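Some notes on the structure that comes next.
Remember, it's a predicted structure, so these values are computed and weren't measured experimentally.
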Amino acid sequence: MTPTPANIPELLLPLAVPTEDLVPYYRNPRNGDLPSIAESLTVNGQYRAIVVNKGTHTGRRNEILAGNHTYAAAQQLGWDQIAVTWVDVDDDAAARIVIVDNRTNDLAGYDSVLLAEILSEIPDLAGTGYDRESVDRLLDDTSLPETLELTSDGAGTGAAATVDYLQWGYLQWESKRVRITSEEVEALNVIYTKFVDDTNSDLGFGWHVLQQAHEEGEVA
């Protein structure tokens, strides 16, 4: 008796077939991320069946149309069974299924703010396809303040000059971002000019601004 697959949920077990009975689509144009898929299968199990063509009309028996990389990752993990739903279509329909299964993923987008919120609530990112660095980048991208338009200085920069934010620090987990007013931009410019004149360099300017107190008279 074949043992019950540990990574296939009970509701999908009636659909399980031996992996050795299946073959990949003979010309799949997709290049999948096998390590990420294998990690998902390990952590989450198989949460949806792959789609296999019986091959009556194509002459290619038990050919996978959707889920080729899930199948490949399962093989790498040593699975001997995988859950399958069956179709029996001709070459044209098979090609359409392969293409649209890939293309719909390409066309999909994200609500980045909501995605960042969900990911930040998950204590362990294993099985999500994200790592901490990619989540940090996403959080950075979604936490920017609104663009600040500066008034014209008469020198051609005009309303086209904008300041989104200031960021101090090179490492994402150590950096700070703040929105600033146009008056603060002018004040920082005066402090910057004085700093460069005094040191002949702008190296360390961010640290200087954060650590040193600046009296109103300095920027008047």
Side-chain angles (χ1 to χ4, degrees), residues 1-122 124-139 141-142:
M1 180 177 179
T2 303
T4 301
N7 293 302
I8 300 178
E10 185 176 353
L11 290 176
L12 290 182
L13 280 178
L15 305 178
V17 302
T19 54
E20 64 182 8
D21 290 349
L22 308 177
V23 295
Y25 186 65
Y26 76 113
R27 52 175 187 170
N28 184 22
R30 188 71 162 187
N31 293 317
D33 186 343
L34 285 183
S36 293
I37 297 171
E39 179 182 309
S40 174
L41 289 178
T42 300
V43 175
N44 305 314
Q46 185 185 5
Y47 50 82
R48 63 184 172 197
I50 66 174
V51 179
V52 178
N53 191 22
K54 290 184 177 180
T56 301
H57 306 287
T58 64
R60 298 185 301 275
R61 182 174 174 269
N62 296 352
E63 185 177 55
I64 301 166
L65 303 184
N68 278 277
H69 293 95
T70 298
Y71 169 76
Q75 282 193 310
Q76 284 187 0
L77 293 171
W79 289 22
D80 57 7
Q81 294 188 61
I82 193 166
V84 166
T85 55
W86 296 91
V87 296
D88 197 6
V89 297
D90 61 17
D91 273 313
D92 286 345
R96 290 176 189 275
I97 292 170
V98 171
I99 295 299
V100 75
D101 183 63
N102 294 326
R103 182 58 174 158
T104 50
N105 286 327
D106 295 338
L107 294 174
Y110 285 104
D111 179 332
S112 296
V113 173
L114 181 57
L115 175 61
E117 179 182 327
I118 293 171
L119 287 170
S120 64
E121 294 171 353
I122 298 175
D124 183 357
L125 294 173
T128 66
Y130 286 84
D131 57 21
R132 180 52 56 190
E133 182 179 352
S134 61
V135 172
D136 285 345
R137 285 198 301 268
L138 182 62
L139 289 171
D141 291 342
T142 57

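- Interatomic distance, CD1 of Ile82 versus CD of Gln75, reported as 8.5 Å (0.5 Å rounding).
- Side-chain atoms of Asn28 and His69, non-hydrogen and from C-beta on, do get closer than 4.5 Å to each other.
- Just one residue in the list Leu41, Asn7, Ile37 forms a side-chain contact (heavy atoms from CB on, under 4.5 Å) with Leu77, and that residue is Leu41.
- Note that CG of Asn102 and CG of Asn31 are 9.5 Å apart. Values are rounded to the nearest 0.5 Å.
- Considering only heavy atoms from C-beta on, Leu12 stays 4.5 Å or farther from Pro14 through its side chain.
- With rounding to the nearest 0.5 Å, the separation of CD in Glu10 from CG in Leu13 is 6.5 Å.
- Atom CZ of Arg60 has more than 12 heavy atoms from other residues, nucleotides or ligands within 6.0 Å.
- Shortest non-hydrogen contact noted between Asn68 and Leu65 is ND2-O, 3.8 Å.
- Using a 4.0 Å cut-off between a side-chain N of Lys or Arg and a carboxylate O of Asp or Glu, Arg30 and Asp101 do not qualify as a salt bridge.
- With a 4.5 Å cut-off on side-chain heavy atoms, Thr70 and Ser40 do not count as touching.
- Under a 3.5 Å cut-off, the side chain of Asn53 and the backbone N or O of Val89 do form a donor-acceptor pair.
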Can you give me every donor-acceptor pair (side chain of residues 16-25, partner residue at least two apart or in another chain, under 3.5 Å) with its distance?
unit_1, atom_1, unit_2, atom_2, d
Thr19, OG1, Trp79, O, 3.2

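- Counting non-hydrogen atoms of neighbouring residues, nucleotides and ligands closer than 6.0 angstrom, the CG atom of Leu114 exceeds 12 such neighbours.
- Note that OH of Tyr130 is 10.5 Å distant from CG of Leu125, once rounded to the nearest 0.5 Å.
- Between His57 atom NE2 and Asp88 atom CG the span is 4.0 Å, to the nearest 0.5 Å.
- Taking all atoms of both residues into account, the shortest heavy-atom contact from Leu34 to Ala73 is CD2-N, 4.0 Å.
- When each of Val43, Ile118, Asn44, Ile122 is paired with Thr128, the side-chain contact (heavy atoms from CB on, under 4.5 Å) condition holds for Ile122 and for no other.
- Using a 4.5 Å heavy-atom cutoff, the side chains of Trp86 and Asn62 are in contact.
- In terms of modelled atom types and a separation under 3.5 Å, the side chain of Thr42 and the main chain of Ala38 share a donor-acceptor contact.
- Within the 3.5 Å criterion, the main-chain N or O of Gly129 finds no donor-acceptor partner in the side chain of Glu39.
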